[in-house]
Amino acid sequence: MTDSFRLTLAQLNPTVGALDANAAMARDAWQVGKDAGADMVALTEMFITGYNLQDLVMKPAFVLDALAHIDALAADCADGPALGIGAPWPEGDKLYNAYFILNKGRVVSRILKHHLPNETVFDEVRLYDSGPLGGPYSVGSTRIGSPVCEDSWHEDVAETLAETGAEFLVVPNGSPYYRNKMNVRMNHMVSRVIETGLPLVYLNMVGGQDDQVFDGGSFVLNPGGALALQMPVFDEAIAHVDFKRTAEGWRAEPGELATLPDEWEQDYRCMVQALRDYVAKTGFKKVLLGLSGGVDSAIVATIAADALGPENVRCVMLPSEYTAETSLQDAEAVARALGCQYDYVPIAQGRQAITETLAPLFEGYDEDVTEENIQSRLRGLLLMAMSNKFGEMLLTTGNKSEVAVGYATIYGDMNGGYNPIKDLYKMRVFETCRWRNANHRPWMMGPAGTVIPPSVIDKPPSAELREDQKDEDSLPPYEDLDRILELLVDHEASVEEVVAEGFDRAVVKKIEHLIYISEYKRFQSAPGTRLTPRAFWLDRRYPIVNRWRDTT
């Protein structure tokens with residue numbers, strides 16, 4: 001019986017479907033553990049395949065390929081520490097989310113996930129079968145229990161492991177970020193160590209996958225809930241944890257405690273990381289966006305510069321006769337402050353050609369939103385042409401307030417491959433601009449200082465599609481709109497509950513109507529960074545055709 005155990009934690013960034021690359025990362029992490037004298041190296045949930053897999057995991061050829069990589073890893077990592085790694089496991093007509101323990105050249109244990117999340121971005125009940133409650137596995141003479149991700153949010157799996165002889169718990173996770181989620185995780189894990197009296201290792205992956213960002217933040221708790229190790233959020237990292245046997249059982253030796261940033265910094269880092277990984281993992285090198293002189297495009301340009309470097313960001317001003325001189329000045333000031341390429345492409349000539357082309361059909365009709373949207377769609381066409389010509393991914397820049405009520409032109413300013421601020425309400429856009437002006441971090445590739453001029457942040461928002469247009473001509477003030485949207489969208493409140501907060505019923509009903517009739521736009525919109533548990537996409541799945549309205 002040993003009195004010490006060294007565990008190497010690998011908080012890394014796998015890519016969905018990149019089996020060779022993920023296996024190479026696993027081998028490198030295992031080598032680091034071996035060089036450090038580890039007894040075991042732990043990787044995260046579904047590491048070999050990347051995560052979240054959605055329906056890709058239902059393709060048998062993919063699952064067999066993943067298992068072949070697991071077998072190859074076992075052979076390659078035979079002479080050294082055990083390796084824990086997540087992968088799918090087919091058994092008869094069933095498919096499991098499993099955690100494999102590799103040792104001495106073979107798979108020695110498989111832990112099958114019992115509790116399958118079926119909420120927010122997860123629909124694992126549809127994809128996987130529930131594994132049985134099981135006991136611990138052995139590494140040498142030490143018995144370890146591994147509740148897989150969701151299993152650690154429930155009492156029964158950890159308690160069963162403790163009752164069947166587990167000496168400490170290692171929880172492999174694929175847990176995506178949402179604002180203040182670390183507090184939720186910590187509360188659940190503290191409950192598990194109090195209930196079982198065992199130390200617990202919470203190991204989470206990092207990196208972006210479509211709309212989701214896995215934020216790491218792995219940690220180790222001793223019985224009673226004392227924090228023994230805190231790894232950084234969002235950064236890839238490898239850490240070693242030494243467990244010692246005491247008269248009271250195993251205890252983790254104190255390690256480094258990383259400082260966790262506040263929610264403003266974590267949100268911003270999440271948007272940067274999401275874009276950085278989305279561009280890299282889809283094979284792009286550069287991006288472009290329409291820079292209007294407004295606050296939304298300014299913060300997206302800044303996120304892009306911080307994610308990819310200013311030299312990889314093209315900002316394009318596409319003015320019409322309604323574009324204010326201050327907007328021209330502000331757009332150029334943002335691009336220059338960031339150090340991005342700035343292009344000036346007026347749309348007047350193209351708009352005139354389209355107007356003349358449509359004139360015979362539109363004769364006798366008054367000008368209306370149709371002509372306004374032609375401007376937006378012409379900009380979208382030109383930006384997509386540049387994207388095609390230069391091989392640069394087009395970013396779209398609509399905030400969550402606009403996305404919610406459809407205050408955007410489909411096939412126009414909604415064009416693009418990714419939207420970093422899709423889950424950021426307008427008032428948080430303003431505050432995020434102020435935060436970025438006042439803060440700079442080593443992970444930001446853009447310059448420090450005031451990169452978004454105060455004039456951009458302080459002026460009344462406008463689409464500038466007609467003379468003297470302001471957003472508040474069509475919408476309530478953003479302070480009110482955002483709160484109404486938070487209630488209706490994020491909290492699924494009734495109209496009556498929103499009115500009870502002091503809002504005019506007619507205004508609330510108008511916003512409710514706009515939310516529902518804009519569903520078809522959101523269905524066709526670009527993916528964007530998930531910051532909350534009620535982001536538009538997998539978190540909130542509404543029918544496009546929907547005639548129901550709240551009559552309370």
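It should be emphasised that the depicted structure is a prediction, and the values quoted were computed from it without experimental measurement.
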Euclidean distance, [Y] [atom2] relative to [X] [atom1], rounded to 0.5 Å:
X	Y	atom1	atom2	answer
Asp211	Asn419	CG	CG	11.5 Å
Asp65	Leu19	CG	CG	5.0 Å
Ile515	Leu485	CD1	CG	5.0 Å
Trp153	Arg192	CH2	CZ	10.5 Å
Leu161	Thr196	CG	OG1	9.0 Å
Leu531	Tyr178	CG	OH	13.0 Å

Decide yes or no for [X] and [Y]: does some side-chain heavy atom of the first lie under 4.5 Å from some side-chain heavy atom of the second?
X	Y	answer
Phe390	Leu288	no
Pro88	Val57	yes
Trp537	Pro527	no
Trp443	Gln273	no
Met271	Ile421	yes
Leu538	Gln212	yes
Thr44	Ser218	no

Report task. Might you work through the side-chain contact (heavy atoms from CB on, under 4.5 Å) test for Thr529 and Tyr418, ending with a clear yes or no? Result -> CA-CA 8 Å; Thr529 312; Tyr418 203 75; 3.6 Å; yes

Test item: side-chain donor near acceptor, [X] and [Y], under 3.5 Å:
X	Y	value
Tyr137	Asn103	no
Glu263	Asn180	yes
Asn52	Gln209	no
Thr532	Asp423	yes
Asp306	Tyr268	yes

Look only at the side chain of [X] and the backbone of [Y], and say whether a donor-acceptor pair between them is shorter than 3.5 Å.
X	Y	result
Thr396	Gly416	no
Asn22	Thr15	yes
Arg251	Pro199	no
Lys34	Gly80	no
Asn173	Val171	yes
Arg540	Asp490	no
Gln230	Phe219	no
Lys422	Ala535	no
Asp129	Leu95	yes
His440	Gly446	yes

For [X], does the [atom1] atom sit with more than 12 other heavy atoms under 6.0 Å from it, leaving out its own atoms?
X	atom1	result
Lys94	NZ	no
Asn183	CG	yes
Glu256	CD	no

Work out which heavy atom in [X] is nearest to a heavy atom in [Y]; give both atom names and the distance.
X	Y	value
Arg541	Thr120	NH2-O, 3.4 Å
Gly417	Ala526	C-CB, 3.9 Å
Val41	Gly33	CG2-CA, 3.8 Å
Tyr202	Leu200	N-CD2, 3.8 Å
Phe47	Pro14	O-CB, 3.6 Å

Requested in this report: Check the pair Phe100 / Leu67 against side-chain contact (heavy atoms from CB on, under 4.5 Å), numbers first and verdict last.
Outcome: CA-CA 10 Å; Phe100 290 64; Leu67 292 176; 3.8 Å; yes

Query raised in the report: Regarding Arg428 and the six-membered ring of Trp435, is the cationic atom NZ or CZ under 6.0 Å from the ring centre and inside 45° of its axis?
Result: no

Report task. With sequence neighbours excluded, tell me which residues meet side-chain hydrogen bond (donor to acceptor under 3.5 Å, both in side chains) with Lys181. Result ->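 So Lys181 forms a side-chain hydrogen bond (donor to acceptor under 3.5 Å, both in side chains) with Ser175.
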
**Report entry** Ring geometry between Tyr51 and Phe214 (parallel below 30°, tilted from 30 to 60°, perpendicular above 60°)
**Finding:** tilted

Query raised in the report: Do the ring planes of Tyr177 and Phe234 sit parallel (below 30°), tilted (30 to 60°) or perpendicular (above 60°)?
Result: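 Answer is tilted, since the angle falls between 30° and 60°.
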
Requested in this report: With sequence neighbours left out, write down each residue that passes ring-ring contact (aromatic ring centres under 6.0 Å, His included) with His115, or none if nothing qualifies.
Outcome: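 With neighbours one apart ignored, the set is His154.
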
Report task. Take Trp30 and Leu73 through the test side-chain contact (heavy atoms from CB on, under 4.5 Å) and record every step on the way to the result. Result -> CA-CA 10 Å; Trp30 175 84; Leu73 268 177; over 6 Å; no

Requested in this report: List the steps and the verdict of side-chain contact (heavy atoms from CB on, under 4.5 Å) for Asp296 and Glu402.
Outcome: CA-CA 10 Å; Asp296 297 322; Glu402 295 172 349; 3.4 Å; yes

